[in-house]
Amino acid sequence: MIAVIGSSNMDIVFNVEHFTLPGETQKALSLDFYFGGKGANQAVAAAKLSEKPVYFCSCLGDDEYGNQISQNFKKYKTEGYYVQKNEKTGRAYIEVDKNGENRIIIFSGANDNVDKEKIDKFFDQYGDEIDICLLQNEIPMQSVEYAISKLKEKRITIIYDPAPVGNTKIESLNGIDFLTPNIKEFMFLCEKEKIDFDENNLDKSMLEFKRISKVKNLIVKMGDKGVIYIDEDENLAKIKPLKVKAVDSTGAGDIFNGAFAVAFSETKDLKKSLNFANTAAAISVERKGAQSSIPKKEEVLKRFL
């Protein structure tokens, strides 16, 4: 079974002509509300693409947004989350420009209540059934690090998306099965470790980072340039991009991770799983929203094949 430990948000999306400049006021072209949060996006993507229940350790507030998100989780057979009394559900305020690029401001809210106690309770209930677990950085970092230690102890495969990247600790990456930063996040991690970053010679930077961090597989998501990865045996390969007309890139990286978890759980084939994930993410940017843009498995296989 696939599990996710992470955040749940309501995404409040402003479509704009261009990113708002400092001191500027502009009128939004539209306002939309979508279910989001990196953890929830990954959980719902995995549930929708696998058509199986997904266990999700997250925390909602006891407000209207929390109630709406809970109903959505039930729709996709996503279970294991908590509802925190007297707390607001996390939310993300997102600007999307006419090219489909986005900027995001996060309010953590109830996500900050995903703590060791809740993680222990989650593992007590579901731990023996979990084969793969996805993680991100939208819950407290001490909780992420604790979850990593528990997953290693139980020998559960870890797919870790180090985003938001700022608080990622390199020492926590030792032994991570799959690390999946996007290109900007990978550049930040290289700078943090004083590794020369050269996008034109990315394999050298990736190999050095892999050896320093001791991650098993390093996967760098490059948006419209596809994916580049180094596996456990230090073989480097690329996944070609799909040609798409981008509408909204919100959640694409999360959908990639959820899809990758599903494909890898079924095939144990890294390259095929990355191709499947890359296809799912590419389809998603053709649509608005995060979870609302997740394709069905049949759609992915049709484009994939």
Side-chain angles (χ1 to χ4, degrees), residues 1-14 30-94 96 102 104-115 117-119 121-122 125-126 133-140 143-144 147 161 163-164 248-259 261-262 280 284 287-296:
M1 297 293 288
I2 295 172
V4 182
I5 300 173
S7 59
S8 300
N9 291 328
M10 181 64 79
D11 289 351
I12 301 165
V13 181
F14 300 91
S30 64
L31 171 65
D32 297 291
F33 294 80
Y34 299 103
F35 301 120
K38 297 190 74 63
N41 294 343
Q42 293 178 9
V44 173
K48 188 172 182 179
L49 288 164
S50 69
E51 300 177 347
K52 296 177 182 178
V54 169
Y55 302 136
F56 184 31
C57 181
S58 189
C59 198
L60 306 175
D62 62 343
D63 54 13
E64 184 56 33
Y65 286 158
N67 182 57
Q68 292 175 27
I69 293 170
S70 180
Q71 292 303 313
N72 186 59
F73 287 160
K74 290 174 183 176
K75 175 182 175 182
Y76 289 107
K77 298 180 181 178
T78 301
E79 58 185 83
Y81 56 92
Y82 304 90
V83 176
Q84 190 75 26
K85 290 185 178 181
N86 302 315
E87 184 61 87
K88 294 177 181 176
T89 297
R91 56 206 72 184
Y93 297 91
I94 304 171
V96 180
N102 64 64
I104 304 173
I105 298 173
I106 298 289
F107 169 74
S108 295
N111 292 310
D112 284 342
N113 291 279
V114 180
D115 55 19
E117 183 181 352
K118 289 185 175 65
I119 292 170
K121 186 177 178 182
F122 179 79
Q125 186 167 359
Y126 302 108
C133 187
L134 297 111
L135 295 168
Q136 337 73 37
N137 288 348
E138 285 184 348
I139 59 174
S143 299
V144 174
D161 188 353
D248 181 3
S249 61
T250 306
D254 305 325
I255 293 166
F256 177 98
N257 277 38
V262 170
S284 77
R287 306 166 181 177
K288 287 188 176 183
Q291 292 171 36
S292 57
S293 71
I294 299 168
K296 294 181 179 178

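Sequential numbering from 1 along the given sequence is applied to the chain's residues. Computed from a predicted model, the values in this text were never measured in an experiment.
In this structure, S58 and S7 approach most closely via the heavy-atom pair OG-C, 3.6 Å. Between A43 and F56 the shortest heavy-atom distance is CB-CG, 3.9 Å. Shortest non-hydrogen contact noted between K296 and L49 is C-CD2, 3.9 Å. Of all non-hydrogen atoms in G61 and A110, the two that sit nearest each other are N-CB, 3.5 Å. Residues E138 and P164 approach most closely at CG-CD, 3.6 Å, considering heavy atoms.
Two residues are said to be in side-chain contact when any heavy atoms from C-beta on lie closer than 4.5 Å; K88 and Y65 fail this criterion. With a 4.5 Å cut-off on side-chain heavy atoms, Y55 and M1 count as touching. Looking only at side-chain heavy atoms (C-beta outward), F122 and Y82 come within less than 4.5 Å of each other. Taking the side chain as every heavy atom from C-beta outward, D161 and L134 never approach each other to under 4.5 Å. Under the 4.5 Å side-chain criterion, counting only non-hydrogen atoms from C-beta, C59 is in contact with K118. Counting heavy atoms from C-beta on, the side chains of S70 and L60 come closer than 4.5 Å. Side-chain atoms of L31 and F14, non-hydrogen and from C-beta on, do get closer than 4.5 Å to each other. Counting only heavy atoms from C-beta outward, the side chains of I69 and N67 never approach each other to under 4.5 Å.
Checked for salt-bridge contact, D63 and R91 meet the test: a charged N lies under 4.0 Å from a carboxylate O. With salt bridges taken as basic N to acidic carboxylate O contacts below 4.0 Å, one links K38 and D254.
The environment of E117 atom CD is sparse: at most 12 non-hydrogen atoms of other residues, nucleotides or ligands sit within 6.0 angstrom. Remark: I105 CD1 is loosely packed, at most 12 non-hydrogen atoms of other residues, nucleotides or ligands lying under 6.0 Å away.
For the atom pair N111 CG and I106 CD1, the distance stands at 8.5 Å (nearest 0.5 Å). Rounding to the nearest 0.5 angstrom, the gap separating the OH atom in Y93 from the CD1 atom in I12 is 4.0 Å. Note that OH of Y34 and CG of N9 are 15.5 Å apart. Values are rounded to the nearest 0.5 Å. Rounding to the nearest 0.5 Å gives a distance of 7.5 Å between CD of E87 and CG of D112.
In this structure, a donor-acceptor pair under 3.5 Å is present between the side chains of Q291 and N41.
By the side chain to side chain contact (heavy atoms under 4.5 Å, CB included) test, A46 pairs with I2, V54, V262, sequence neighbours left out.
The main-chain N or O of A252 is never found under 3.5 Å from a side-chain atom of S284 such that the two would form a donor-acceptor pair.
A side-chain contact (heavy atoms from CB on, under 4.5 Å) with C57 is found for exactly one of I119, V4, I139, L135, namely I119.
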Subject >> CA sep, side-chain torsions, deciding dist, call: F73, Y81, ring-ring contact (aromatic ring centres under 6.0 Å, His included) >> reply: CA-CA 9 Å; F73 287 160; Y81 56 92; 5.0 Å; yes

**OP:** Check the pair K121 / D115 against salt bridge (Lys or Arg N to Asp or Glu O under 4.0 Å), numbers first and verdict last.
**Re:** CA-CA 10 Å; K121 186 177 178 182; D115 55 19; over 6 Å; no

Subject >> D11 vs F35, side chain to side chain contact (heavy atoms under 4.5 Å, CB included): CA-CA, chis, key distance, verdict >> reply: CA-CA 6 Å; D11 289 351; F35 301 120; over 6 Å; no

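Applying the side chain to side chain donor-acceptor pair (under 3.5 Å) test to every pair with at least one member in residues 44-54, sequence neighbours left out, gives no pairs at all.
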